[in-house]
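Numbering of residues begins at 1 and proceeds along the displayed sequence.
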Amino acid sequence: MDFTEPQDLEETQKDRLTLEEVVDRIVPELNLRVFLLFLSALCTIFHAAAVTYVTALTGNIPYKDWECVSEECKSLYKVDGEDFYSQKTICNNDMVAGVNFTWKIGGRTTFTTDWGIYCKDEAKLSTISSIYFVGALLGLLCSTAIFDTVGRKRGAILGCVLITVATAASAAAPNYETLLVLRVISGFGLLINYTGSYCWIIEFAPTRYRNLVNGCYNLGWTLSYLIMVLFGYLINKWQHVYLGVAGLCVFSLAMFFITPVPESPRFHLVRGQEGEAKKTLETISKISGHPISFEEVDLLYDTRIQNYLKQVKDFLKYPNMLKRSLLCMSGWFLVSLITYAYTFGWSKIGKDLYTSYLFAALGGGLGYVLSIFVCRLLGRKRATLFFFGSVTVMNLVAMVDLNFSQDWSLEQVASLLGNVNILGAFAMLYLYSGELAPTSHRGMIMCLCSSCARAGSFIGPYVSLLYGVTDRRVPLALFAGLSVCAFVAILFLPDTTGDGIPETPADVSDNKGEGKNLNG
C-alpha cells in the first residue's frame with residue numbers, strides 16, 4: 001500500500017498502524033522541507049553548551065599570566081627562572097594578589113580575579129561549576145511530571161525561560177554567593193529544556209533517520225560551545241560574556257515559537273488524545289510534502305494517563321526495563337564525569353586556554369559527526385562500545401611523556417582525541433537510551449539517566465583539581481578505568497539497531513529482554 005496519497009487510505013477500511021509505522025511513511029525521504037523542519041527545531045538548543053561551560057572561561061584563574069610587584073616575589077624569580085610563572089609558585093609561597101603580584105591579562109576580567117578566588121580558594125571555582133549540576137539534578141527530578149503534564153515542547157520552553165532570566169541576572173551578580181544561586185537556577189532550567197527538547201525532536205524522527213537527527217542535535221551543542229569560546233576570546237569583561245550568552249538564550253527561546261514542529265504525538269497518545277495526535281501527524285505530513293488523511297486510520301497504542309507512582313512501580317513489575325534503565329544510568333554517570341573533568345581541566349592540560357577550548361569544541365563536533373557514521377557502520381551497541389574503548393586507549397597513551405613542541409605534548413593531543421571519543425559515546429548513549437526506553441516511560445527514564453549524568457557532571461570539575469595536587473597520570477588512569485566500567489555496562493544491553501521504539505513496558509518484557517521490532 002502506498003501511504004503517500006490521501007486517496008490510498010480511502011481504499012482500505014480502517015488501517016491499523018503503529019505510530020512508528022506512520023512516522024516512517026510520512027517522512028519517507030530527507031528532502032529540503034524535512035531538513036528545514038528539523039533544523040528549525042534544532043535551533044532551540046543553541047544556548048545549551050554556552051550556559052553549561054560559561055564558568056570555564058568567565059572563572060578562569062590565569063596562573064600563567066601575572067607579574068611580580070614585591071621584592072620578595074622578584075627574589076623568588078631569580079631562583080626559579082623559567083618555571084617561575086605557575087600555580088605552584090603562587091600557591092606554595094602564599095603570594096597575595098595586589099601585594100606580591102598582579103594578574104597580567106590585558107584588560108580582561110574574570111570573577112575569580114575580581115573576587116580573589118585562587119590557590120586555597122580554587123575549590124570555590126569547582127563548586128560554582130559543579131553547583132550548576134545540582135540545579136540540573138533538581139530540574140530533572142521535576143521534569144518527568146512536567147513532560148507528562150504539559151508535554152515535551154512546552155516543558156522545554158519553560159526551562160528555556162528560566163535559563164534566560166538566570167543567565168542575564170548573572171551579569172549583574174555582585175558576589176560569589178549570588179552567582180552560586182543563579183547557577184543553580186540555570187542548571188534547573190537547562191536540563192528540563194535540553195532533555196525536553198531531545199524527547200520532543202527525536203520522537204518525530206523516522207527510524208531510518210533517527211541516528212542522523214541525533215547527531216545533528218548534538219552538533220547544536222558543539223555550535224553553542226564554539227560561540228561561547230568566541231565570546232570568551234572577543235569579550236574582555238566576564239559580565240559581558242554572560243550577557244552574550246543570555247542573548248543566545250533569547251534566540252533559542254524565540255525559535256520554539258518560530259518552528260512549525262508541534263507537540264509530540266506520542267505525548268498525546270499516552271494520554272489517550274488520539275485526535276490531537278492525528279492532527280499533529282497531519283501537520284507534519286503536509287510539511288514533509290506527503291500529506292495524508294487519518295479519517296480511515298486507527299493508531300495502535302496503549303492509553304496510559306501518566307501517574308508518577310505507577311511509573312515507579314512498573315520498574316518492579318517489568319525487571320527487564322529496570323535492568324536496562326540501571327545500565328543506561330551508569331553509562332550516563334561515567335560519560336558525564338569524564339566529559340566534565342576534561343571540560344573544566346583544559347586550562348591545566350593545554351598551554352593556551354582559548355586554543356585548548358577551541359580544539360575541544362571542534363573535537364566535540366567531530367565526535368558527534370563520527371557517531372553518525374560509526375553508528376551506521378557498527379550499529380548502536382557496537383558503536384557505543386567502540387567509543388568507550390577508544391577513550392580508554394587515548395588516556396593510556398596520554399600517560400607517555402613526549403613533547404612535540406613548546407606548545408604541544410602527547411598528553412594534550414591524546415586528551416583531545418579522548419574528548420572526541422567521549423563525546424561520541426555521549427551522543428550514542430543519548431540515542432541508545434531513548435530507543436531502549438518505552439514511550440510511556442521515556443520521559444522518566446531519560447530524566448533518571450540525565451540525573452545520574454548530573455551527579456557525574458558535579459564530580460567532574462573536582463576531578464580536574466587533581467592536576468594541581470598529584471601526578472598528571474593519576475587523573476588519566478582514573479579516566480581510563482571509568483571508561484572500562486562503562487564499556488562493561490554496555491555489554492549487558494541489547495542492540496536496538498533496526499528496531500522500532502517500544503511503546504510500553506510490555507514491549508521489553510519478553511524472556512530474552514529484547515524489545516519488539518515495531519518495524520515489522
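Ala41 approaches Ile201 most closely through the heavy-atom pair O-CD1, 3.7 Å. Between Ala166 and Ile185, the shortest heavy-atom contact is CB-CG2, 3.7 Å. The minimum heavy-atom distance between Ile445 and Pro438, with the atom names listed, is CD1-CD, 3.9 Å. Closest heavy-atom contact between Tyr132 and Ser186: CE1-C, 3.8 Å. Residues Ser197 and Phe256 approach most closely at OG-CZ, 3.5 Å, considering heavy atoms. Residues Thr343 and Tyr357 approach most closely at O-OH, 2.6 Å, considering heavy atoms.
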Take Lys279 and Glu276 through the salt bridge (Lys or Arg N to Asp or Glu O under 4.0 Å) test and state the conclusion after the steps.
CA-CA 5 Å; Lys279 289 179 183 178; Glu276 291 299 317; 3.8 Å; yes

When you look at Tyr53 and Trp221, which way does the ring-ring contact (aromatic ring centres under 6.0 Å, His included) test go after all the steps?
CA-CA 11 Å; Tyr53 298 153; Trp221 180 278; 5.7 Å; yes

Run the numbers on Leu431 and Arg380 for side-chain contact (heavy atoms from CB on, under 4.5 Å), then give the verdict.
CA-CA 8 Å; Leu431 174 64; Arg380 271 57 162 170; 3.8 Å; yes

Show, in sequence, the C-alpha distance, side-chain angles and deciding distance for Phe388 and Ile422, and conclude whether the side-chain contact (heavy atoms from CB on, under 4.5 Å) test is met.
CA-CA 7 Å; Phe388 276 122; Ile422 196 63; 4.1 Å; yes

Check step by step if side-chain contact (heavy atoms from CB on, under 4.5 Å) holds for Phe387 and Leu423.
CA-CA 8 Å; Phe387 283 118; Leu423 290 171; over 6 Å; no

Assess the residue pair Glu263 and Arg152 against the criterion (salt bridge (Lys or Arg N to Asp or Glu O under 4.0 Å)); give the C-alpha distance rounded to whole Å, side-chain angles, the decisive distance to 0.1 Å, and a yes or no.
CA-CA 7 Å; Glu263 181 57 79; Arg152 277 69 155 153; 5.5 Å; no

Test log, rule side-chain contact (heavy atoms from CB on, under 4.5 Å), inputs Leu362 and Leu226
CA-CA 8 Å; Leu362 292 173; Leu226 288 169; 3.9 Å; yes

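Distance CG/Leu158 to CG/Leu253: 10.5 Å, rounded to 0.5 Å. The CG atom of Leu190 lies 4.0 Å from the OG1 atom of Thr52; values are rounded to the nearest 0.5 Å. With values rounded to the nearest 0.5 angstrom, Asn193 atom CG is found 4.0 Å from Ile163 atom CD1. Rounded to the nearest 0.5 Å, atoms CH2 (Trp115) and CD (Glu177) are 8.5 Å apart. Between the CD1 atom of Ile128 and the CG atom of Leu179 there is a distance of 3.5 Å, given to the nearest 0.5 Å. The CE atom of Met321 sits 12.0 Å away from the CG atom of Leu436 when rounded to the nearest 0.5 Å.
A centroid separation of 6.0 Å or more is found between the aromatic rings of Tyr340 and Phe458. For Tyr242 and Phe111, the distance between ring centers is not under 6.0 angstrom.
Under 3.5 Å, the side chains of Ser252 and Thr44 contain no donor-acceptor pair of N or O atoms. Between Thr110 and Thr113, the side chains place a donor N or O and an acceptor N or O closer than 3.5 Å (distance only, hydrogens not considered).
Although no hydrogens or angles enter the test, the distance criterion places a donor-acceptor pair under 3.5 Å between the side chain of Thr339 and the main chain of Val335.
For the pair Leu370/Leu366, a side-chain contact is recorded, criterion being any heavy-atom separation below 4.5 Å from C-beta on. Inter-residue side-chain proximity for Trp238 and Thr112 is flagged as unmet; no heavy-atom pair is nearer than 4.5 Å.
Heavy-atom neighbours of Tyr462 OH from other residues, nucleotides or ligands within 6.0 Å: above the threshold of 12. The environment of CZ in Phe231 is crowded: more than 12 heavy-atom neighbours from other residues, nucleotides or ligands sit within 6.0 Å.
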